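Worksheet: one structure, shown below.
Quick note on labels: first sequence line is chain A, next is B, and so on, each numbered from 1. Values in this document were obtained by computation on a predicted structure and should not be read as measured data.
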Amino acid sequence: MTAAPLVLLEGIAKQFGTGETAVRALSDVNLAVGPGEVVGLKGPSGSGKSTLLNVIACIMAPSAGRLSLAGEPIWDERYLVRDLRRLRRERIGFIFQFHNLLPFLTARDNVALAMTLAGQPRAQARQRAQALLEELEVGRRADAMPARLSGGEAQRVAIARALANAPPIILADEPTAALDSERARVAMDLLRRVARERAAAVLVVTHDEKIFDRFDRMVALRDGRVEAEVLRSA
Amino acid sequence: MNLALADIRHGIGRFLITCVGIGLLLGVALSMVGIYQGVVREALALTRSLGAELWVVEQGTRGPFAEASRVPGDVREMVARIPGVAAAGGLTLRTAEAEGPQGRIRLQVVGYEPGRPGGPGSLVEGRALGGARFELVADARSGLPLGATLHLGADRYRVVGITRGLVASGGDPLVFATLRDSQEMQFRQAPPAARRALAAGALPAVTDTVNAVVAVLHPGADPSAVAETVRRWKHLSALTAAEQEDLLTRSVVQRARMQLGIFTVVLLFVSGVIIALIIYTMTMDKRREIATLKLIGAPDRTIAGLVLQQAMLIGAFGFVAGLVLLLSVRDHFPRAVELGVFEVAVMAGVTATICLLASVLSIRAALRIDPQQALGG
Ligand SMILES: Nc1ncnc2c1ncn2[C@@H]1O[C@H](COP(=O)(O)OP(=O)(O)O)[C@@H](O)[C@H]1O
Ligand SMILES: [Mg+2]
């Protein structure tokens, strides 16, 4: 990895609660993800995968360590950035386990919403949302409500939404859990393509063995520590 | 794309049912305001219809509505001669029960001298009273049609004219009779009592008594000055139209007004609590969507806007539903339900304020939703 990392964690720890009931969810985690890289995060349930993703997404403050995103220091004992929502809006694209599309907006408007939140004019946002959906091969379903989409279609729309503001960092928590193996692989290929084309850092939490071969690198967590990093030949 | 509207459209059935529910509540609150206004207007209907600018009543009383008053009939001539007075008429007032075509009805009988002040303002049907005896002009609220006959006292009367919206402060419909008829109705003693009185050597009972004399003034005459002149006479007191109206609304219907006013406030308070609960439930049902919005970076104002706009839309649709409901049933109320543009506008403002306050709780709760709630199952 030659380029500067887009996601950089140094000695990150996260502790829930204090005293006897304290849970150390993360301990001394060091991780760097560079542009165009697709990294998998695996580990048994309770090993801290979600916690790690939440820390990177700035939804959860770490207890110790340093966090930088896209070269900018974000956390060092405290948040160094004031508007975290703006940071998420502009730098981070999210893909959820259950796609989390807003049920009351059409597929296109779900994608366009992310753009208008970032300040794009509505008409332009709709147009670009449509283009993005076409690119992900769900352009035909742009006017459908999420409830009418198949699992695979919904996940593509969710990916389109994550890409809406061309974020340098894409985080996904079990994005293929609701998909069959064929669609899971297709979705992963899509993420790989996006990472390459946009030089984005993609971090995917998964315990879906079917897609392990789709990652550049696999990070294994156990009890909140990085147990192993398996580098795959690109 | 407006999030509030999109969410409402998505669950339009539930939204409409909610609005109908709120509409029923606001409809009741609106009808309270209407009934309140109706009580005030009905209290003033009689005095306004008579067009009297001055009320001359018995000394020491604030009659003839707030207190009983009796003055000799010839006071009318004295009043008519006061400078500034254009015309004066004697007036009797009396409640009566009569057998109407549809059962017993309570009436307020007004006796006046046709051609002099004290008669009904305008008729919607038939003609005014003339010289003939045993004729009535009745208000439509009595249910008496034109040409109907009914017994009042010992005599049989026929309805020759119909008015609309003329009731006494208690809501009883007004009927007008000539002064002479009504005096006989009111003051004539039953034959046995009259005979006893005569046998005892008394003079025949004086029947030329009225409850008040009403006067119309010349243009430019000062009502208070004329009232002052009347008050200098022994045995008489006077009220200007303004004083009479003030007395009617302040004293005669005061309790009814307060009762309705307090009830309206309670009802609005209850509406506020219910609207707040509904908005809170609606917001909490969208917990996951709100968490997702936060996660994809929606600022607080987007989320507060979503809740507030929905609260306002529920209030607006509920208010319109309530208003339509009330306007479609208000003619079936036993007493007047008066809703003017002003009252509707004020109530709309009150509803908007209630919705605004009701949404504060939900907005606070929405802003506290943890974006982590969007994750996980
Ligand atoms: N909000 C929280 N409060 C307390 N403990 C938590 C919280 N979130 C996670 N944990 C604990 O932290 C550990 C790691 O959880 P998590 O990151 O969800 O694991 P994974 O996603 O790998 O299953 C678990 O022991 C879990 O119980
Ligand atoms: Mg998890």
Can you tell which part of [X] gets under 4.5 Å to a heavy atom of chain B, answering side chain, backbone, both or neither?
X: A:Thr106; answer: neither
X: A:Leu53; answer: neither
X: A:Pro103; answer: both
X: A:Asp109; answer: both
X: A:Ile59; answer: both
X: A:Ala164; answer: neither

Geometric class of the A:Phe96/A:Phe94 ring pair [parallel <30°, tilted 30-60°, perpendicular >60°]
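Rings of A:Phe94 and A:Phe96: parallel, under 30°.
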List for me each residue that meets side-chain contact (heavy atoms from CB on, under 4.5 Å) alongside A:Ser150, sequence neighbours excluded, and say none if there are none.
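Listed in chain order: A:Glu153.
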Heavy-atom distances under 4.5 Å only: say whether B:Leu3 touches chain A with side chain, backbone, both or neither.
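Contact with chain A involves both backbone and side-chain atoms of B:Leu3.
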Is A:Glu77 atom CD crowded by more than 12 heavy atoms from other residues, nucleotides or ligands, each under 6.0 Å away?
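At most 12 heavy atoms, drawn from other residues, nucleotides or ligands, come within 6.0 Å of this atom.
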Taking B:Leu295, B:Asp300, B:Leu293, B:Thr292 one by one, which has the highest count of heavy-atom pairs under 4.5 Å against chain A?
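So the answer, after comparing B:Leu295, B:Asp300, B:Leu293, B:Thr292, is B:Leu295.
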Heavy-atom pairs under 4.5 Å with chain A are the metric here; pick the option from B:Gly11, B:Ala298, B:Pro371 that has the most.
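Highest number of heavy-atom pairs under 4.5 Å: B:Ala298.
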Any salt bridge linking B:Arg141 with B:Asp139? Criterion: basic side-chain nitrogen under 4.0 Å from a carboxylate oxygen.
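A salt bridge is absent here (no side-chain N lies under 4.0 Å from a carboxylate O).
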Quick one: does A:Asn110's side chain have a donor or acceptor within less than 3.5 Å of a partner on A:Leu105's backbone?
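Checked: pair present.
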Salt bridge (Lys or Arg N to Asp or Glu O under 4.0 Å) with A:Glu197: which residues, sequence neighbours excluded?
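Testing A:Glu197 for salt bridge (Lys or Arg N to Asp or Glu O under 4.0 Å), a comparison that skips the adjacent residues, returns A:Arg193.
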